[in-house]
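The shown structure was predicted, so the numbers you read here are calculated from the model rather than taken from an experiment. Below, each value reflects all heavy atoms present in this structure, side chains not excepted, and no hydrogens, waters or symmetry copies.
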Amino acid sequence: MNPIPKPPDFIIIGAQKGGTTSLYAYLTQHPQIAHATQKEVHYFDLNFDKGADWYYSQFPQPENGPYKITGEASPYYIFHPHVPGRMHDLCPEVKIIVLLRNPVDRAISHYYHYIRIEYESLSLEEAIASEPKRLKGEIEKLLANPNYYSYEHQHHTYLKRGIYADQLPLWMQLFPKEQILIIKSEDLYTNPSETVNTVLDFLDLPPQQLETYGKHNSNEYPPISEAVYEQLRAYFRSHNQRLAELCDRDFGWD
């Protein structure tokens, strides 16, 4: 008799360039956590038309090994407007892990990552200035049509992706707070062992001294002008204040 497929036990929902690759690699070193077929399954945002059975098939079932839980990490989830509701419908008891990075650093890292993989050809200043034009009407189309795919929304959102105070409320409305763990990316970078064990405790697993720590995807990029830094700091300042009020927590980014 085939076991009944079950949804994942945890999902890292983002943010992009916030350490999701590192955290997922660390977690799946734990002997009681099984790796999905791929880190980023992207079911709730890009592959939703494939259906729940396809999603379940991306995870090994507990009968097949010594592990207790499994999960995935798709960093577009936190930002895509349809994902919270879809996820709540399919797996209302899933544990959600959120990594939030200083949005100034996140935006710069995002930009240079896209320069490397040739998703961006504009200068940093031009890309920031072009974002409103590139995004014009895209969010409205996404909201109006669940099947609409927006290249610009997924890729050229250096500023928007860092406005966490606009993204978290829907998650907080749908999922009880004990199912959501918010981690500062900087804590993962500076103290990975302690941070990973915080996540393991959230997942009801014993702590683990993991074998290797190294920041994944940590490519260097050219020096950023102070003018651009100040422009980004000013842009995010009020949004960071709203986030601090929402989470009742000072993230220390300003």
Any side-chain donor near an acceptor of the partner, [X] and [Y], under 3.5 Å:
{"X": "E140", "Y": "Y148", "value": "no"}
{"X": "Q16", "Y": "Y77", "value": "no"}
{"X": "N191", "Y": "E194", "value": "yes"}
{"X": "K141", "Y": "S150", "value": "no"}
{"X": "K39", "Y": "T28", "value": "no"}

>> Just checking Y149 against H153, ring centres under 6.0 Å apart?
In response: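 No, the ring centres sit 6.0 Å or more apart.
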> Name the one of N102, T190, L99 that satisfies side-chain contact (heavy atoms from CB on, under 4.5 Å) with S185?
Replying inline: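 Checked N102, T190, L99 against S185; only one passes side-chain contact (heavy atoms from CB on, under 4.5 Å): L99.
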>> According to side-chain hydrogen bond (donor to acceptor under 3.5 Å, both in side chains), who are the partners of Y43, at least two apart in sequence or on a separate chain?
In response: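 For Y43, no residue satisfies side-chain hydrogen bond (donor to acceptor under 3.5 Å, both in side chains) once neighbours in sequence are set aside.
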>> If the condition is side-chain hydrogen bond (donor to acceptor under 3.5 Å, both in side chains), which residues does W253 pass it with, not counting sequence neighbours?
In response: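 Scan of W253 (side-chain hydrogen bond (donor to acceptor under 3.5 Å, both in side chains), adjacent residues dropped) gives E186.
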> So, does E40 use its side chain to make a donor-acceptor pair with the main chain of Y76 at under 3.5 Å?
Replying inline: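 Not confirmed, E40 side chain does not pair with Y76 backbone.
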> Any donor and acceptor pair, going by atom type alone, linking the side chain of S130 with main-chain N or O of A127 inside 3.5 Å?
Replying inline: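 No; zero donor-acceptor contacts below 3.5 Å.
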> Taking 4.0 angstrom as the limit, do K95 and D204 come out as a salt bridge?
Replying inline: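 Salt bridge present between K95 and D204.
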>> Filter on ring-ring contact (aromatic ring centres under 6.0 Å, His included), then keep only pairs touching residues 114-145, sequence neighbours left out; what's left?
In response: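 The answer is H110-Y114, Y114-Y119, Y114-H155, Y119-H155.
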